[in-house]
Trainee: 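Input: one structure, supplied below.
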There are 2 protein chains.
Amino acid sequence: MSCVQTLRELGYRMTPQRQAILEAVHTHDDHFSTEEVHEEVRARYPQVNISTVYRTLELLKELGLVTQTDLGEGILRYHHIDKGHHHHLICENCGAIIDVDESVFSPLKRELLQDYQFKANMSHFAIFGRCAKCQR
Amino acid sequence: MSCVQTLRELGYRMTPQRQAILEAVHTHDDHFSTEEVHEEVRARYPQVNISTVYRTLELLKELGLVTQTDLGEGILRYHHIDKGHHHHLICENCGAIIDVDESVFSPLKRELLQDYQFKANMSHFAIFGRCAKCQR
DNA sequence: CGCTTTATTGCAAAGGGTTGCAACAATCAA
DNA sequence: TTGATTGTTGCAACCCTTTGCAATAAAGCG
């Protein structure tokens, strides 16, 4: 499990809690919530507190191992970086979610770097608007 | 006050609370928080509940009269649409906020419309990343 | 003006997420 | 292996925001 190595190498401690959370994260191909990870971790370690899950996912995000997005549900969802980059177009009217390849953002990313020397971290975007069906 | 007209015309009721909130919104040129609006409204109508402020700002957002953004503070900030469109580049390291003209997003907006028939509502974006100084 | 309808409000509770702090335990050096 | 150091955890409290519900009061009509 490469994350375990990564965390250790960066000077973080490996705890049973973190190990279980990392394993849960790796089993998901989809956009998982903190709650879901907590449930899965508790199946084996019932005492693990959800704030530990929040803190660990936040850490993984800062290390760039997962991405974090609010898909408009009012909760944060995470996605493992190894499972592919992409973005989402979310219809404010019908809730449809359209997946978009990350390449769509490349020109914008390049422009921000050239014009503002700003290195945008656009690894998992949610853009709200209206899908084809819902434009009256 | 044009918003008052707009709300009435759309079939919404005009209450003292809404009037006071609208006035507070109009006095701001900057990115104001729900809390700030609440404080200002309470100066005149001390009984107004903050959930009314939340609900009214949400309504104004849905009607496209204000934009809503999280600038990374953990609170939502609003901006009056008449005071100009723009976006923000926010440095995850030093917290610097760089304002960006909305035109930067026009090509992306156009591409999403052409390729996905998706009409993106990109009126007030916050993009996180690293500013020039903080790229090691 | 008074009545009816129903949108809006205040309140309290809840929901998702963060944080301060004391107890705990991973790590490392002796 | 033991002890010291200090990063992590669990817990409770808190923050920001949303929501259910009963009471209130705008708006439209006779």
Side-chain angles (χ1 to χ4, degrees), chain A residues 1 3-22 24 31-39 41-42 44-63 66-78 92 95 126 128, chain B residues 1 3-22 24 31-39 41-42 44-63 66-78 92 95 126 128:
Chain A
M1 194 133 317
C3 283
V4 174
Q5 307 276 37
T6 310
L7 285 184
R8 277 243 177 72
E9 284 163 13
L10 291 170
Y12 295 97
R13 292 181 183 171
M14 190 46 52
T15 63
Q17 292 93 328
R18 281 189 177 160
Q19 193 125 4
I21 292 167
L22 287 176
H31 300 78
F32 51 88
S33 67
T34 312
E35 187 66 43
E36 283 161 17
V37 172
H38 188 218
E39 285 306 319
V41 168
R42 282 223 288 206
R44 278 199 296 146
Y45 303 92
Q47 80 292 354
V48 174
N49 194 277
I50 197 166
S51 65
T52 297
V53 181
Y54 276 114
R55 283 192 272 232
T56 303
L57 291 177
E58 173 67 20
L59 176 62
L60 296 180
K61 185 189 93 180
E62 277 168 19
L63 297 178
V66 301
T67 56
Q68 183 193 58
T69 319
D70 178 354
L71 296 175
E73 304 166 294
I75 65 170
L76 294 173
R77 287 193 175 272
Y78 295 84
E92 288 168 335
F128 296 86
Chain B
M1 197 133 313
C3 283
V4 174
Q5 307 277 36
T6 309
L7 287 183
R8 276 244 179 71
E9 283 163 14
L10 291 169
Y12 295 97
R13 293 182 183 171
M14 190 46 52
T15 64
Q17 292 92 329
R18 281 188 177 161
Q19 192 125 5
I21 292 166
L22 287 176
H31 300 80
F32 50 90
S33 68
T34 312
E35 186 67 41
E36 282 161 16
V37 171
H38 187 219
E39 286 305 319
V41 168
R42 282 222 288 204
R44 277 201 295 148
Y45 302 92
Q47 81 291 353
V48 174
N49 194 276
I50 196 165
S51 65
T52 298
V53 181
Y54 275 111
R55 281 191 274 233
T56 303
L57 291 177
E58 173 67 20
L59 176 61
L60 296 180
K61 184 189 94 181
E62 275 167 21
L63 297 178
V66 300
T67 56
Q68 184 193 59
T69 319
D70 179 356
L71 297 175
E73 304 165 295
I75 64 169
L76 295 172
R77 287 192 175 273
Y78 295 85
E92 289 168 334
F128 296 87

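A note on names: the letters A, B, ... follow the listed sequences, proteins ahead of strands, and every chain is numbered from 1.
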Trainee: Could you check whether any side-chain N or O of A:His38 sits under 3.5 Å from a backbone N or O of A:Ser33, counting only pairs where one atom can act as donor and the other as acceptor?
Mentor: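 Absent.
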Trainee: Give the rounded distance in Å between these two atoms: CG of A:Leu57 and C1' of C:dT18.
Mentor: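 Taking atom C1' of C:dT18 as the reference, CG of A:Leu57 is at 14 Å.
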Trainee: Atom NZ of B:Lys61 to atom C1' of D:dT18: distance rounded to whole Å?
Mentor: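 Atom-to-atom, B:Lys61 to D:dT18, this comes out as 12 Å.
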Trainee: For A:Glu58 and D:dT9, what is the distance between atoms CD and C1' respectively, to the nearest whole Å?
Mentor: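 Spelled out: CD on A:Glu58 to C1' on D:dT9 is 17 Å.
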Trainee: If you look at every strand shown and take non-hydrogen atoms under 4.0 Å, does B:Arg18 touch a base, only sugar-phosphate, or nothing?
Mentor: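 Sugar-phosphate, backbone atoms only, no base.
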Trainee: Does the A:Arg18 side chain pair with the main chain of A:Thr56, one donor and one acceptor, at a distance under 3.5 Å?
Mentor: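 No: the side chain of A:Arg18 does not pair with the backbone of A:Thr56.
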Trainee: Just the rounded figure in Å: distance from C1' of C:dT9 to CD of B:Gln19.
Mentor: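 Atom CD in B:Gln19 sits about 16 Å away from atom C1' in C:dT9.
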Trainee: Nearest whole angstrom, please: distance from the C1' of C:dT18 to the CD of B:Glu73.
Mentor: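 Value for this atom pair: 15 Å.
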Trainee: Any side-chain heavy atom of B:Leu63 within less than 4.5 Å of one from B:Tyr12?
Mentor: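 Yes, their side chains come closer than 4.5 Å.
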Trainee: Quick one: A:Gln68 CD to C:dT18 P, roughly how many Å, whole number?
Mentor: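 Interatomic distance, CD of A:Gln68 to P of C:dT18: 7 Å.
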Trainee: To the nearest 0.5 Å, what is the distance between CD (B:Glu39) and CD1 (B:Ile50)?
Mentor: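 Taking CD in B:Glu39 and CD1 in B:Ile50, the distance rounds to 8.0 Å.
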Trainee: Inspect the contact between B:Glu58 and B:Lys61 and indicate whether a charged nitrogen and a carboxylate oxygen are less than 4.0 angstrom apart.
Mentor: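 Here B:Lys61 pairs with B:Glu58 in a salt bridge, since their nearest N and O are under 4.0 Å apart.
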Trainee: Check whether any side-chain heavy atom of A:Leu22 lies under 4.5 Å from a side-chain heavy atom of A:Met14, and answer yes or no.
Mentor: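 Heavy-atom side-chain distance check passes, below 4.5 Å.
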Trainee: Could you tell me the separation between the CG atom of A:Asp70 and the C1' atom of C:dG16, rounded to a whole number of Å?
Mentor: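 Rounded to whole Å, this separation is 11 Å.
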Trainee: Closer than 4.0 Å, any side-chain N/O of A:Asn49 to the OP1 or OP2 of D:dC11?
Mentor: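 So the side-chain polar atoms of A:Asn49 do come within 4.0 Å of the phosphate oxygens OP1 or OP2 of D:dC11, strictly under.
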Trainee: Dump every N/O contact between nucleotides 13-17 of chain D and the protein below 3.5 Å, one line per pair.
Mentor:
from	atom 1	to	atom 2	distance (Å)
D:dT17	OP1	B:Leu76	N	2.5
D:dT17	OP2	B:Tyr54	OH	2.5
D:dT17	O5'	B:Tyr54	OH	3.3

Trainee: Output yes when at least one side-chain N/O atom of A:Arg55 is less than 4.0 Å from OP1 or OP2 of D:dG10, else no.
Mentor: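 A:Arg55 to D:dG10 OP1/OP2: no side-chain N or O under 4.0 Å.
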Trainee: Test A:Thr52 against every option in A:Val41, A:Ile21, A:Leu57 by the side-chain contact (heavy atoms from CB on, under 4.5 Å) rule and name the one that passes.
Mentor: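 Between A:Thr52 and the candidates, side-chain contact (heavy atoms from CB on, under 4.5 Å) is satisfied uniquely by A:Ile21.
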Trainee: Any side-chain N or O of A:Ser51 below 4.0 angstrom from OP1/OP2 of C:dT18?
Mentor: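 No.
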Trainee: As an exercise, state the distance from CD of A:Glu36 to CZ of A:Arg77, rounded to the nearest 0.5 Å.
Mentor: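 Reported to 0.5 Å precision, the distance equals 5.0 Å.
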Trainee: Would you give the length of the straight line joining atom OG1 of B:Thr34 to atom CD of B:Gln68, rounded to the nearest 0.5 angstrom?
Mentor: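 Between B:Thr34 OG1 and B:Gln68 CD, I get 8.0 Å after rounding to 0.5 Å.
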Trainee: May I ask you to list the residues of residues 9-17 of chain B, by number, that have any heavy atom positioned under 4.0 Å from an atom of DNA chain C?
Mentor: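 Listed by number, they are B:Tyr12, B:Arg13, B:Thr15, B:Gln17.
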